[in-house]
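Values in this document were obtained by computation on a predicted structure and should not be read as measured data. Proteins come first, then strands; the chains are lettered A, B, ... in the order of their sequence lines, and each starts at number 1.
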Number of protein chains: 2
Amino acid sequence: MVTLTTVTDSANRADPASRSDRGEQTRTAIAAAAQELFLERGYDKTTMRAVADRAGVSIGNAYYYFASKEHLVQAFYDQIQVAHAAAAEQSLASSDKFGDRLRSVLTTWVDVAEPFHGFAGKFFKIAAEPTSPLSPFSSESRGARETSIGLFRQVVDGSDLKVPAAIRAELPELLWLLQMGVVLFWVHDSSTDQKRTRALVRQVVPLVDKLVRLSRLPGMRGVVGDVVELIRSVRP
Amino acid sequence: MVTLTTVTDSANRADPASRSDRGEQTRTAIAAAAQELFLERGYDKTTMRAVADRAGVSIGNAYYYFASKEHLVQAFYDQIQVAHAAAAEQSLASSDKFGDRLRSVLTTWVDVAEPFHGFAGKFFKIAAEPTSPLSPFSSESRGARETSIGLFRQVVDGSDLKVPAAIRAELPELLWLLQMGVVLFWVHDSSTDQKRTRALVRQVVPLVDKLVRLSRLPGMRGVVGDVVELIRSVRP
DNA sequence: AGAGAAACTTGAACACGTTCAAATGGGACG
DNA sequence: CGTCCCATTTGAACGTGTTCAAGTTTCTCT
């Protein structure tokens with residue numbers, strides 16, 4: 001059984017120190033009940049009434065802590081993120097080759113996310129809506145996004161990679177986008193143990209490695225500049 | 001006001017010629033009512049009861065023709081696709097430069113899709129779920145997908161582009177993926193008239209053009225082979 | 001301790017997507 | 001014409017996410 005990572009939404013609760021956490025236990029109980037039920041029967045077949053029941057609270061109380069049923073999946077997002085950061089950090093210690101580091105961070109994600117692949121579709125659907133706070137591009141998830149980008153910065157910084165400074169600066173964000181692409185593929189991947197996603201990672205990493213190193217070639221200067229310029233101008 | 005493109009779902013109705021189309025009018029009326037209401041008040045505020053009312057049928061009847069509320073947005077998908085094909089075909093006549101052709105097909109899409117940007121988020125959310133027939137990757141939308149890829153094949157085939165055959169064969173599909181990326185950006189683009197998406201297209205097209213032409217360079221052979229191999233092995 | 005405020009809790013009520021058993025309509029065939 | 005069959009149509013009923021007015025508990029301040 002997967003354990004719950006309690007993530008207090010510090011953006012919403014202003015003063016964690018002085019504020020009593022009387023309600024935190026309830027909040028956690030509700031999130032835990034939701035996780036259990038989602039894993040047991042999936043998102044659709046889990047009713048808010050069942051979540052409230054298992055958490056031992058009233059249905060109205062569940063809505064006091066979570067604005068909607070969709071908000072209950074935030075806990076998964078957080079949990080995967082935390083577990084990935086820990087596992088990736090671990091694996092990054094073993095090599096300073098860029099390709100190795102990138103591959104291990106990406107495959108680590110697939111490992112960590114595996115238990116949730118069953119309802120990844122629902123998860124994805126909820127995060128897809130641009131107005132959703134769970135969207136990976138939303139301002140609400142900026143913290144999580146920057147943590148994730150930071151992980152890719154570690155991949156680059158701790159590596160043997162020698163590339164133009166302009167590329168080096170943008171690379172973490174580009175690699176995060178690559179990760180989003182992997183997630184997209186993973187969500188659609190119905191092969192056992194997500195074999196195909198793992199194969200994708202194995203294949204795409206050497207290609208990225210090659211492309212990035214190619215950026216040092218004199219003839220590539222123009223392209224590199226264009227890419228950097230594109231990213232700059234496209235960022236909000 | 002946008003007019004409705006009637007798209008009979010020929011996959012579901014086996015024998016269009018001999019089967020009486022008594023019900024086709026009803027089906028069309030329901031789809032038209034849904035379109036109007038979606039545009040007037042958005043997806044969420046449009047109830048199935050309101051759709052049925054405006055179409056002059058009972059609510060149960062609406063469900064006889066459309067399996068769910070989500071299925072009602074299929075009509076938009078079809079309509080945009082048809083309008084895009086027509087407008088793009090038109091604009092393709094004006095140049096044989098690859099960059100021009102690609103740019104006009106992509107900007108044409110932004111033009112055609114503009115009226116629907118308001119509830120593009122909902123549209124996107126619905127299409128995001130991997131199990132949804134509306135997903136761009138689903139088997140149900142294979143026809144639409146192939147039509148769209150065919151459009152990019154026209155972009156390539158009618159152009160002055162000289163590239164290795166292996167790349168040329170895969171290019172339409174890659175450009176379709178680029179289009180999906182543009183759509184993703186567009187959905188999140190809240191600038192007026194989707195200026196930022198248009199800017200993205202203007203910037204990304206020359207870059208793609210440059211990259212594709214670069215594929216002829218001897219040093220690129222390896223990379224090209226890798227890319228082609230990646231696509232091959234990743235396709236289901 | 002007591003009063004008042006703030007945090008928390010409750011469950012009935014509501015809205016809307018969806019289902020379904022039953023009614024209606026019309027075409028084919030005798 | 002009668003009758004059988006199948007497509008179509010109906011609206012009441014159901015399940016579930018969500019809201020809300022009212023209650024209860026805990027904290028704070030004097």
If you compare every side-chain N and O of [X] against the phosphate oxygens of [N] (OP1, OP2), does one of them come in below 4.0 Å?
X       : N      : value
B/Tyr65 : D/dT9  : yes
A/Thr26 : C/dT9  : yes
A/Asn61 : C/dT10 : yes

Between [Y] and [X], does any NZ, NE, NH1 or NH2 come within less than 4.0 Å of an OD or OE carboxylate oxygen?
X        : Y        : answer
B/Lys195 : B/Glu114 : no
A/Asp111 : A/Arg198 : yes
A/Arg232 : A/Glu170 : yes
A/Arg235 : A/Glu173 : yes

Nucleotide [N], atom [atom2] - distance to [atom1] of [X] in whole Å:
X        : N      : atom1 : atom2 : result
A/His71  : D/dT19 : NE2   : P     : 11 Å
A/Glu24  : C/dT9  : CD    : P     : 11 Å
B/Ile126 : C/dG17 : CD1   : P     : 12 Å
A/Leu72  : D/dG17 : CG    : C1'   : 12 Å
A/Glu70  : D/dG17 : CD    : C1'   : 11 Å
A/Gln25  : D/dT25 : CD    : C1'   : 15 Å

[X] side chain, from C-beta outward: closest of [options]:
X       : options               : value
A/Tyr64 : D/dT19, C/dC8, D/dT9  : C/dC8
B/Ile59 : C/dG11, D/dG11, C/dC8 : D/dG11
B/Lys69 : C/dT9, D/dT10, C/dT18 : C/dT18

Ring-face cation contact, B/Phe137 with B/Arg142, 6.0 Å cut, 45° max: no
Within 45° cone of B/Phe66 ring axis and under 6.0 Å: B/Arg27 NZ or CZ: yes
Exam field: side chain B/Ser148 to backbone B/Ala144, donor-acceptor pair closer than 3.5 Å: no
Geometric class of the B/Tyr43/B/Phe38 ring pair [parallel <30°, tilted 30-60°, perpendicular >60°]: tilted
Neighbours of DNA chain C within residues 44-55 of chain A, by heavy-atom distance under 4.0 Å: A/Arg49
Partner residues of A/Asp157 under the side chain to side chain contact (heavy atoms under 4.5 Å, CB included) criterion, sequence neighbours left out: A/Arg153, A/Arg168
Pairing stems for DNA chain C [at least three consecutive pairs; Watson-Crick or G-U; under 3.5 angstrom]: C:1-30 with D:1-30
